[in-house]
Amino acid sequence: MAGVSHATKLVIQDARVLQDDFIPKEVKHRDPEVNRISDALAPITDGDSGETTFLLGPTGVGKTCLAQFVTERLREQVLDLQTCYVNCWEDYNRYRTLYRVLDAVTSTHDIHRQSTPQDVLLNRLRELDDAPYVIILDEVDQLQDTKALYDLYSIPHITMVLVANREDTLFAGFGDRLRSRLQSSIRVRLAAYNSDALVAILRDRVRWGLSDNSIGTGVLDQVADSAAGDARVAIGTLRRAARAATTAGVDRITTELVADVVPEAKAAIRQKNVAQLTPDQQVLYEVATEHGEIAPGELYDEYAHRVSDPKSKRTVRKYMGKLAQYNLVDAVGQKRGRRYHVVE
DNA sequence: ATTCCACGGGAAAGCATGGACC
DNA sequence: GGTCCATGCTTTCCCGTGGAAT
């Protein structure tokens with residue numbers, strides 16, 4: 001108290017608004033998209049099921065935020081509405097997805113992992129037809145087994161909101177039946193934010209979360225520019241800069257401070273993906289990173305050299321497919337001529 | 001033209017987990 | 001407790017395919 005003036009320190013008033021999972025009470029710059037999603041879900045208010053809706057666009061454009069915002073708002077209108085958020089990164093196959101969806105609305109004491117057949121999960125879901133159910137499937141392109149989509153699609157009281165990066169690769173993995181069923185679904189495409197929009201978003205977060213005058217307009221521009229349209233990176237940068245300012249005991253976020261934390265903000269996203277890999281997969285990624293670009297044979301030899309109990313070549317090929325799907329690595333060329341590049 | 005290497009689908013084996021039953 | 005069974009996940013094995021190197 002005495003001696004140390006508050007004015008000399010940057011104060012984080014509300015750290016939550018700088019977290020990744022924060023959902024604002026109002027969404028800016030996305031009115032047309034919000035309306036289209038709302039329209040797609042509107043039949044639910046009349047007791048029907050909504051349209052299957054895709055939210056498509058690059059990372060950090062607010063897809064997940066929008067999906068949650070709209071379903072949250074719908075919940076205010078529909079009393080018995082059930083909702084569920086599934087991240088397909090974590091629940092990447094049919095069983096886990098169904099389990100998560102069921103677990104969100106019922107007590108699953110009698111359902112146990114592994115030893116309960118998938119059909120049982122599905123039947124239980126079908127029986128829950130007394131209330132509408134909106135399911136957000138995030139990062140749905142990470143789903144290895146699209147049967148779950150087919151299953152859920154076939155249940156009348158369930159409405160799906162599917163979130164993904166790229167439409168073409170997503171639909172390519174679907175198979176004919178599913179593709180034709182989803183042909184008529186609503187698609188909402190979200191473009192990257194421009195710099196002005198990002199600055200506006202950041203300004204709100206600063207107003208809600210930080211003390212006044214803690215960051216200048218020019219510095220906000222800098223944060224926005226470095227994020228290249230990705231709001232997640234922008235907010236992450238702001239969060240890290242605020243934290244750095246706090247530990248340094250200064251009252252303003254400066255240009256230098258932002259420049260310091262930009263690399264780690266960008267690396268953090270990648271780091272999150274790498275952390276989810278198994279030790280074997282991490283070694284493969286490590287080898288690939290050291291070379292930047294590498295032929296499969298050389299990659300395998302080096303990998304086998306580094307671990308005590310190397311997996312088979314076939315398994316490594318599967319692993320590499322996974323790394324490619326996670327966009328950590330790029331597979332260039334077919335068959336024999338293939339080379340792996342690490343994605344920068 | 002032939003050989004070589006890698007891909008990727010599918011079948012089967014091996015593993016872990018949890019229930020049922022004794 | 002101990003044993004057996006069902007289920008799903010991972011890994012390996014097998015192998016047809018095809019582009020690249022010789």
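Residue numbers begin at 1 in each chain, while the letters A, B, ... track the order of the sequences.
Listed for the Ser211(A) side chain is no donor-acceptor partner under 3.5 Å among the backbone atoms of Ser214(A). Of the possible donor and acceptor atoms, one in the side chain of Arg205(A) sits under 3.5 Å from a partner among the backbone N and O of Val17(A). With hydrogens and angles disregarded, a donor-acceptor distance shorter than 3.5 Å links the side chain of Gln282(A) to the backbone of Leu277(A).
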So which protein N/O to nucleotides 10-12 of chain C N/O distances come out below 3.5 Å?
unit_1  : atom_1 : unit_2    : atom_2 : d
dT10(C) : OP1    : Tyr92(A)  : OH     : 2.8
dT11(C) : OP1    : Tyr319(A) : OH     : 3.1
dT11(C) : OP2    : Tyr319(A) : OH     : 3.2
dT12(C) : OP2    : Ser312(A) : N      : 3.0
dT12(C) : OP2    : Ser312(A) : OG     : 3.1
dT12(C) : OP2    : Thr315(A) : OG1    : 2.4
dT12(C) : O4     : Lys318(A) : NZ     : 3.1

Restricting to nitrogen or oxygen on both sides, can you table the protein-nucleotides 17-22 of chain C pairs closer than 3.5 Å?
unit_1  : atom_1 : unit_2    : atom_2 : d
dT17(C) : O2     : Lys335(A) : NZ     : 3.2

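Rounded to a whole Å, the CG atom of Leu323(A) is 16 Å from the C1' atom of dC7(B). Atom OH in Tyr99(A) sits roughly 15 Å away from atom P in dT17(B) (whole-Å rounding). Here the P atom of nucleotide dC7(B) and the OH atom of Tyr300(A) are 12 Å apart, to the nearest Å. Nucleotide dC5(B) holds its P atom 19 Å from the CE atom of Met320(A), rounded to whole Å. Put simply, OH on Tyr340(A) is 10 Å from C1' on dG8(B), counting in whole angstrom units.
Here Gly297(A) lies in heavy-atom contact (under 4.0 Å) with sugar-phosphate atoms only.
Glu33(A) has no carboxylate O lying under 4.0 Å from a charged side-chain N of Arg36(A), or vice versa, which leaves the two without a salt bridge. Under the 4.0 Å criterion applied to side-chain N and carboxylate O atoms, Lys266(A) and Asp230(A) are not assigned as salt-bridge partners. Here Arg207(A) pairs with Asp204(A) in a salt bridge; the nearest charged N to carboxylate O distance falls below 4.0 Å.
Judged purely by distance below 3.5 Å, without hydrogens or angles, the side chains of Tyr99(A) and Asp91(A) never pair a donor atom with an acceptor atom.
Taking the centre and axis of the six-membered ring of Tyr193(A), the NZ or CZ atom of Arg30(A) falls inside the cone set by 45° and 6.0 Å.
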